[in-house]
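These numbers come from the heavy atoms of this one structure, side chains and all, not from hydrogens, waters or symmetry mates. Because the structure is predicted, anything quoted here is derived from the model rather than measured. Labels below follow one simple rule: chain letters A, B, ... track the order of the sequence lines, proteins then strands, and each chain is numbered from 1.
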Protein chains: 2
Amino acid sequence: MRGREEAGRDDAEIRGCRGEAARGPRRSADSASRAYQAIRRLVVEFRLKPEERINEVQLAQSLGLSRTPVREALNRLASEGFLVFTPNRGFVFKALEIEDLVRVFELRSIVETGSIALACKRASDAGIAELAAFWDEALERYRREDPDEILELDEAFHVRIAALSGNAEVVKALQSINARIRFVRRIQIERGAWHPRLVTEHTELVESLIARDAVRATEILRRHISMTIEDAALVLKEALFKLYVADSASVSQS
Amino acid sequence: MRGREEAGRDDAEIRGCRGEAARGPRRSADSASRAYQAIRRLVVEFRLKPEERINEVQLAQSLGLSRTPVREALNRLASEGFLVFTPNRGFVFKALEIEDLVRVFELRSIVETGSIALACKRASDAGIAELAAFWDEALERYRREDPDEILELDEAFHVRIAALSGNAEVVKALQSINARIRFVRRIQIERGAWHPRLVTEHTELVESLIARDAVRATEILRRHISMTIEDAALVLKEALFKLYVADSASVSQS
DNA sequence: GAACACACAATTGTCGACACTTTCCTTGAC
DNA sequence: GTCAAGGAAAGTGTCGACAATTGTGTGTTC
């Protein structure tokens, strides 16, 4: 749910802070966008301590910006569900509780099963063929076992299915959901215990789309996601544990 | 998808511009929030011309605020899908095309059917009883035929069902969707041609929840919403037409 | 020693000013 | 008359400063 028409890529690198030479225009017209990318990264990669208040001044300084664009970015992230805002007290990164994570996955399941059912009814043969081709090619690239690539391919596959529903709103909703669970998925894939089933199920999804078998497709997808939920919950528990261990360790040092 | 913990009510009135007496604190700590409510109102009630750029300075002046909180509000509205933002060109209120409206309704259908299915499985008997009680009471209030009240009750009813799924994320998603189609629903209810079926279907939904009949519940809900879609599309077409007529009339006058 | 009040520090909220972009209008060439 | 170039005008993007609020530590009272 972005409502933005930016060209900015998700993983755009933060460009050099302008402290040194001050060449180039003083306003880059995308400070807010850079701030957004940077902070989002901090959140998605779990680099912020949960429950800790985010200090705007500090954050702005570390990004070499003023508070205005930082605040704008924080606001956006809050309305996308990454941060929680309380008036007069600022922004906090609330780490997803296990239960919240499960809920987000459940929402994902609802949106995806709904959209695949539509896709079975409405998608053009060409569209489905394109998905099949995409998945064929993706299979090759899965073999390299690069977690980032796999994550990207996996998300892209699911988004493409949603897109076959012909409903852009559904696609947007799914993308927004994906962003929120990405950090867990990333770890999940890194650990790498679950590839085989994932892969075959994707193939099955393509098959049932070709057959336009909505019942089978939704059933596979529901299982597919609920399997992932359980795994993701474990992963998150582990990540939170590590975080708290690291946290208490650093506390005891000081 | 708010990520906000504000107390602000939706229809909070804009308080007097502080030009005159300047008593009370110069910062109310909720300028942004007031701006948000005010602008949202303009959008939801269709008081902004579609496609026309929103002038921040002008808007800020008319609200008696500076640009900063206005901008913050605009940003929020953009990420909620009400406005479209383009860098260096600002915010635009894009009226939903008929097709977009249909898509949002479709998303709503997906989310609601998904959540009612969950509710059938998981809701507590007490929760369902409460919904039934709510609907009983609501029926009384429907008789007064106050459009605003009916809209509120209708939304509340559907949100309550979603809440019975026990999934707060689903509820948030639904609320965000509701906000985006509220303006059409408002007109729809004002015209008042559709009440009877709506009411009986709500009763049927309660019944099938009590019977925990997920299949029936989802089927009723799907029909319920798709019926509304068609009606809403007509309403929007009419509203857009009026808008353009009014527009060209005022143009020809000047 | 605990509870409260008070001042002071840290942090958020808003503002006005200025830098930069886009837009629109004028001017001039063809 | 059409089009392009140039330059004001309008509007957005960012900044630094100050106002208001919240958090914290100190002293006072019981």
Nearest-nucleotide check on DNA chain C, I54(A) vs R67(B); residue mapping nearer the 5' end is I54(A)
With under 30° as parallel and over 60° as perpendicular, where do the rings of F134(A) and F157(A) fit, or are they tilted in between?
parallel
Using whole Å, what does the distance between atom P of nucleotide dA10(C) and atom CD of Q58(A) come to?
12 Å
Just jot down the side chain to side chain contact (heavy atoms under 4.5 Å, CB included) partners of L101(B), sequence neighbours excluded, or say none.
L96(B), F105(B), I181(B), V184(B), A232(B), L236(B)
Show me the protein contacts with nucleotides 22-25 of chain D, counting only N or O atoms at under 3.5 Å.
| residue | atom | partner | partner atom | Å |
| --- | --- | --- | --- | --- |
| dG23(D) | OP1 | R89(A) | NE | 2.8 |
| dG23(D) | OP1 | R89(A) | NH2 | 2.7 |

Whole-Å distance separating the CD atom of E56(A) from the P atom of dT14(D)
16 Å
Taking the side chain of S66(A) as heavy atoms from C-beta outward, which of dG16(D), dT12(C), dG11(D) is closest to it?
dG16(D)
Answer yes when E152(B) and R141(B) have at least one side-chain N-carboxylate O distance shorter than 4.0 Å, and no when they do not.
no
With R89(B) via side chain to side chain donor-acceptor pair (under 3.5 Å) - residues at least two apart
none
Could you check whether E99(A) pairs with R103(A) (Lys NZ or Arg NE/NH1/NH2 to Asp/Glu carboxylate O, under 4.0 Å)?
no
If you compare every side-chain N and O of T68(A) against the phosphate oxygens of dC15(D) (OP1, OP2), does one of them come in below 4.0 Å?
no
CZ on R186(A) to CG on L151(A), rounded to 0.5 Å:
7.5 Å
